[in-house]
Amino acid sequence: QVQLVESGGGLVQPGGSLRLSCEAFGHAFNEYAMGWFRQAPGKEREFVAAESWASAAKRYADSVKGRFTVSRDNAKNTVYLQMNSLKPEDTAVYYCAAGFRILLSPAPDEYDYWGQGTQVTVSS
């Protein structure tokens, strides 16, 4: 069992930056691929980024490539999402997710555990 707790959301102006954190409570954090997803009002949950459990491999949605960076600190059981050059269309609730020994996947149903979500609003 793994519990995920996100933090770091908030209101930011277009062009600004935020860093989201997701701390995992449980064991074997280093055996979980960690993903970030987001859901805007009236839209389906969509993949943002993921980092492998077995290597430093990462995967990003095309819409965030070059602006967002996912990273993890296994010693702290924490995964981060650094978001730069934010746009109004990045506004959503952001969720982190953990998938036990899965490959980098954009599919939400491959992940086993989810956080409660944190709101990110990009607006002037």
Side-chain angles (χ1 to χ4, degrees):
Q1 188 78 9
V2 175
Q3 182 183 7
L4 302 174
V5 179
E6 300 106 334
S7 61
L11 173 65
V12 64
Q13 292 187 340
S17 298
L18 280 176
R19 188 177 80 156
L20 305 183
S21 300
C22 173
E23 185 174 5
F25 296 89
H27 57 275
F29 175 75
N30 60 344
E31 293 187 83
Y32 286 84
M34 298 301 297
W36 286 96
F37 292 78
R38 66 187 182 186
Q39 189 166 18
K43 295 187 176 181
E44 292 187 354
R45 190 167 298 191
E46 65 172 355
F47 171 76
V48 175
E51 182 162 353
S52 172
W53 66 277
S55 70
K58 304 179 185 186
R59 182 173 182 171
Y60 296 94
D62 288 344
S63 58
V64 307
K65 277 181 185 176
R67 300 188 299 122
F68 291 11
T69 302
V70 62
S71 62
R72 64 191 295 164
D73 184 338
N74 287 340
K76 295 183 178 179
N77 282 8
T78 300
V79 62
Y80 304 97
L81 185 68
Q82 178 66 43
M83 305 186 294
N84 298 329
S85 302
L86 282 160
K87 305 175 182 180
E89 51 263 43
D90 294 318
T91 295
V93 177
Y94 283 71
Y95 299 89
C96 70
F100 184 69
R101 293 191 175 185
I102 65 170
L103 299 176
L104 291 174
S105 173
D109 59 7
E110 293 202 24
Y111 291 80
D112 305 298
Y113 301 102
W114 292 82
Q116 82 286 353
T118 186
Q119 177 71 47
V120 171
T121 303
V122 185
S123 175
S124 54

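Fair warning: this is a prediction, and the values are worked out from it, not measured in the lab.
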Open item on the list: Has Thr118 got a side-chain atom pairing as donor or acceptor with Tyr94's backbone, closer than 3.5 angstrom?
Closed with: no

Open item on the list: I'd like to know whether CG of Leu11 has more than 12 heavy-atom contacts from other residues, nucleotides or ligands below 6.0 angstrom.
Closed with: yes

- [ ] Kindly give the heavy-atom pair with the smallest separation between Trp114 and Pro108, and that separation in Å.
- [x] CZ2-O, 3.4 Å

TODO: Could you tell me the separation between the CZ atom of Phe47 and the CG atom of Asp62, rounded to the nearest 0.5 Å?
DONE: 10.0 Å

Open item on the list: Side-chain heavy atoms nearer than 4.5 Å, only ILVMFWY residues, links allowed to pass through others: does that put Ile102 and Tyr60 together?
Closed with: no

- [ ] Please check if atom NZ in Lys58 has more than 12 non-hydrogen atoms from other residues, nucleotides or ligands closer than 6.0 Å.
- [x] yes

- [ ] State whether Tyr80 and Arg19 meet the cation-pi test: NZ (Lys) or CZ (Arg) under 6.0 Å from the six-membered ring centroid, and within 45° of the perpendicular axis.
- [x] yes

- [ ] Taking atom CD of Glu89 as the centre, report whether more than 12 heavy atoms of other residues, nucleotides or ligands fall under 6.0 Å from it.
- [x] yes

TODO: For the residue pair Leu20 and Tyr95, establish whether any side-chain heavy-atom pair is separated by less than 4.5 Å.
DONE: no

Open item on the list: Under 4.0 Å between a side-chain nitrogen and a carboxylate oxygen: does that hold for Asp90 and Lys87?
Closed with: no

TODO: Please round to the nearest 0.5 Å and tell me the distance separating atom CD of Gln82 and atom CZ of Arg67.
DONE: 12.0 Å

Task: Val70 versus Val79, closest heavy-atom pair with distance - done: CG2-CG2, 3.9 Å

Task: Atom pair OG/CD of Ser71 and Glu51 - distance to nearest 0.5 Å - done: 6.5 Å

- [ ] Identify the heavy atoms of Val2 and His27 that sit nearest to each other, and give their distance.
- [x] CG2-O, 4.3 Å

- [ ] Compare every heavy atom of Gly8 with every heavy atom of Leu18, then report the nearest pair and how far apart it is.
- [x] CD2-O, 3.8 Å

- [ ] Check whether any side-chain N or O of Arg72 sits under 3.5 Å from a backbone N or O of Ser52 as a donor-acceptor pair, and report yes or no.
- [x] yes

Task: Same apolar cluster (I L V M F W Y, side chains within < 4.5 Å links), Phe37/Val64 - done: no

Open item on the list: Treating Glu6 as the side-chain partner and Gln116 as the backbone partner, does any N or O pair qualify as donor plus acceptor under 3.5 Å?
Closed with: yes

Task: Distance-minimising heavy-atom pair for Thr91 and Val122 - done: OG1-N, 2.9 Å

Open item on the list: With a 3.5 Å distance limit and no angle check, can you tell me whether Tyr111 reaches the backbone of Ser105 through a side-chain donor-acceptor pair?
Closed with: yes

Open item on the list: Rounded to the nearest 0.5 Å, what separates atom CH2 in Trp53 from atom CG in Leu103?
Closed with: 9.0 Å

Task: Side-chain heavy atoms of Phe25 within contact of Asn77, under 4.5 Å - done: no

Task: Sidechain-backbone polar pair: Asp112 side chain, Phe100 backbone, donor-acceptor under 3.5 Å - done: yes

- [ ] Keeping the roles fixed (side chain from Arg38, backbone from Ala92), state whether a donor-acceptor pair exists under 3.5 Å.
- [x] no

